[in-house]
*Asks:* 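First the structure, which I've put down as structure tokens, then a few questions once you've had a look.
Proteins come first, then strands; the chains are lettered A, B, ... in the order of their sequence lines, and each starts at number 1. All figures in this text were calculated on a predicted structure; none of them were measured in a lab. These numbers come from the heavy atoms of this one structure, side chains and all, not from hydrogens, waters or symmetry mates.
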Amino acid sequence: MNFTKILTHWYSVNKRSLPWRNTKNPYYIWLSEIIMQQTQIKQGLPYYEAFVTNYPTVFDLAQANEQDVLKLWQGLGYYSRARNLHASAKYIANELNGHFPTTYSDLLKLKGVGDYTASAIASICFNAPTAVVDGNVYRVLSRYFGIDTPINSTKGIKAFKTLATTLLDTKNPGDYNQAVMEFGATQCKPKNPDCTVCPLKNSCEALQQHRVDQLPVKLKKTKVTNKHFNFLVFISEDQRTLFEKRSEKGIWQNLYQFPLIESEDAILSEDFKTHPLVSRFFDTIDFSYSLYNTETIIHKLSHQHLYTKFWIIEVKQLPEKGIPISKLKTYPTPILIGNFIDSFNF
DNA sequence: AAGTCGGGGAC
DNA sequence: GTCCCAGACTT
């Protein structure tokens, strides 16, 4: 038995029961693939269920407000996926009359759909011979064939895509693709895989060479930058607060937050009122303030650490109209803001 | 080719 | 703490 046959057989026995494995409807497969990008199944599963329930067809998703889509996406991260998902739903519903693209090249035209996702949908839904290469595939192939080309180099990306294509079970490309990924997720795991029970143990290059823990090879990622975020949580006598949409590009685009003062260094409580970035904000407004979190909240993103303070600003009247505090939870927010709203006793 | 974009899980 | 996750997009 060769690599492909062993894996497809292994998959038929060991695959997990997942909701999108009971359908070939491209809308549902597309939904699952976008949601699962850079996301573990356990984390994404409830979001998939929520989207299927709230938006059972591509037309339902197309007719939704972006704000509602982002609210349903809240907490999952990489919010451009939600914005692109919504834009592509509108494109499919309105420009393609609801006819989902059926080829790799047409799928690739959808916003948020790259080589991986186009290959996945084309193979699973339309039996196209397009091999997927995700993090699981990089790991399985680099180990089994003993390849130390960095998986995130241009050369590596090309080489692994070509290799994956040659290994594809062209009779059943969708199952083969899912087999490699499932195998990587549950057997050929990143840390401490149990190679003694591996169906490929007799022919795995990495295992013979004792290099399992050294593969795949990945180029170093960029270093983390630190930022200081000061959120101004206004509370007026009529129970309103200021809440703004992050419209600029960058993290959390189109999500909502309290007015933000970003500072080079931490702002101390005793310096708050006289800090140039703060005093400039208030002019003539009369207010009293307190610091919500005495311990700085360190919100860690992939490449940013956000040292965060929530300042409670009590005022008689807001400088702008604002929104009722009772409506705060209806807005899509970063999880950092959402956690504060959930825990603060307004 | 290198950066950017989240949040959580596993170790 | 580190690395990773059914990657895509921008610069």
Side-chain angles (χ1 to χ4, degrees), chain A residues 11 15-16 18-21 29-48 70 73-85 87-88 107-121 123-124 130-140 150-158 160-161 164 174 176-186 188-193 213-225 246 248-255 298-306 332-339:
Chain A
Y11 179 65
K15 65 178 172 185
R16 292 168 289 185
L18 298 172
W20 53 86
R21 287 193 171 145
I29 300 300
W30 172 58
L31 263 184
S32 74
E33 294 299 345
I34 301 298
I35 288 171
M36 297 306 159
Q37 284 170 10
Q38 292 295 287
T39 303
Q40 298 188 193
I41 301 288
K42 190 192 295 182
Q43 186 188 3
L45 203 48
Y47 288 85
Y48 174 80
L70 285 171
W73 199 274
Q74 179 173 315
L76 194 54
Y78 284 163
Y79 296 92
S80 66
R81 291 183 293 167
R83 299 192 304 270
N84 288 334
L85 183 79
S88 291
L107 287 161
L108 213 46
K109 294 173 185 168
L110 300 176
K111 283 186 181 176
V113 173
D115 178 76
Y116 163 79
T117 304
S119 299
I121 299 173
S123 63
I124 293 170
T130 47
V132 301
V133 183
D134 74 333
N136 294 304
V137 177
Y138 281 123
R139 187 167 54 256
V140 173
I151 60 172
N152 54 346
S153 65
T154 303
K155 184 179 172 187
I157 291 168
K158 257 187 91 169
F160 282 100
K161 177 74 178 181
Y176 167 77
N177 278 334
Q178 294 183 81
V180 187
M181 292 191 284
E182 188 81 340
F183 183 75
T186 64
C188 197
K189 297 183 291 186
K191 304 271 178 156
N192 308 320
D213 61 346
Q214 299 167 26
L215 294 172
V217 173
K218 198 171 185 178
L219 266 28
K220 284 300 172 197
K221 64 179 192 313
T222 56
K223 69 168 193 286
V224 183
T225 61
R246 291 181 63 98
E248 69 279 9
K249 296 190 67 176
I251 60 168
W252 302 333
Q253 186 182 357
N254 293 3
L255 272 58
I298 307 178
H299 187 69
K300 296 182 176 180
L301 308 179
S302 307
H303 55 288
Q304 290 182 34
H305 287 183
L306 308 178
T333 69
I335 204 65
L336 174 63
I337 304 294
N339 286 343

*Asks:* Once you round it to whole Å, what is the distance between P of dG8(B) and NE2 of His305(A)?
*Replies:* 14 Å

*Asks:* Given dT4(B), dG7(B), dC11(B), which nucleotide is nearest the side-chain atoms of His303(A)?
*Replies:* dT4(B)

*Asks:* If you assign each of Gly250(A) and Lys155(A) to its closest nucleotide in DNA chain B, which residue comes earlier from the 5' end?
*Replies:* Lys155(A)

*Asks:* Describe the nucleic acid contact of Ile35(A) in one word from base, sugar-phosphate, nothing, applying a heavy-atom distance below 4.0 Å.
*Replies:* nothing

*Asks:* What integer number of Å spans the P atoms of dA6(C) and dC5(B)?
*Replies:* 23 Å

*Asks:* If the P atom of dT11(C) is compared with that of dG6(B), how far apart are they to the nearest Å?
*Replies:* 15 Å

*Asks:* According to salt bridge (charged side-chain N to carboxylate O under 4.0 Å, His left out), who are the partners of Lys111(A), at least two apart in sequence or on a separate chain?
*Replies:* none

*Asks:* Partners of Glu33(A) by salt bridge (charged side-chain N to carboxylate O under 4.0 Å, His left out), sequence neighbours excluded?
*Replies:* none

*Asks:* State which residues pass ring-ring contact (aromatic ring centres under 6.0 Å, His included) with Trp20(A); sequence neighbours excluded, sorted by chain then number.
*Replies:* Tyr48(A)

*Asks:* Check the distance between dG6(B)'s P and Ile337(A)'s CD1 and give it to me in whole angstrom.
*Replies:* 13 Å

*Asks:* Sequence neighbours excluded, which residues qualify as ring-ring contact (aromatic ring centres under 6.0 Å, His included) partners of Phe160(A)?
*Replies:* Tyr138(A)

*Asks:* Give the minimum heavy-atom separation between Leu108(A) and Ala118(A), together with the two atoms involved.
*Replies:* CD1-CB, 3.8 Å

*Asks:* Expressed in angstrom and rounded to an integer, what is the separation of Lys300(A) atom NZ from dG1(C) atom C1'?
*Replies:* 7 Å

*Asks:* Under 4.0 Å, counting only non-hydrogen atoms across every strand here, what does Lys223(A) touch: a base, just sugar-phosphate, or nothing?
*Replies:* nothing

*Asks:* Lys109(A): which residues meet the salt bridge (charged side-chain N to carboxylate O under 4.0 Å, His left out) condition with it, sequence neighbours left out?
*Replies:* Asp106(A)

*Asks:* Distance check needed: dG3(B) C1' versus Gln304(A) CD, whole Å only.
*Replies:* 11 Å

*Asks:* Sticking with atom P, work out how far dA8(C) lies from dG9(B), rounded to a whole angstrom.
*Replies:* 23 Å

*Asks:* Which is more 5' along DNA chain B, the nucleotide nearest Tyr79(A) or the one nearest Lys220(A)? Just name the residue.
*Replies:* Lys220(A)

*Asks:* Is there a donor-acceptor pair under 3.5 Å between the side chain of Arg16(A) and the backbone N or O of Glu182(A)?
*Replies:* no

*Asks:* Just call it for Gln253(A): base, sugar-phosphate, or nothing, with non-hydrogen atoms closer than 4.0 Å on any strand.
*Replies:* nothing

*Asks:* Output yes when at least one side-chain N/O atom of Trp252(A) is less than 4.0 Å from OP1 or OP2 of dG7(B), else no.
*Replies:* yes

*Asks:* Across nucleotides 4-11 of chain C, 5' to 3', mark each nucleotide with B, S or - according to how protein heavy atoms within less than 4.0 Å reach it.
*Replies:* SBBBSSSS

*Asks:* Leu85(A) has an atom CG; how far is it from atom P of dC5(B), in whole Å?
*Replies:* 21 Å

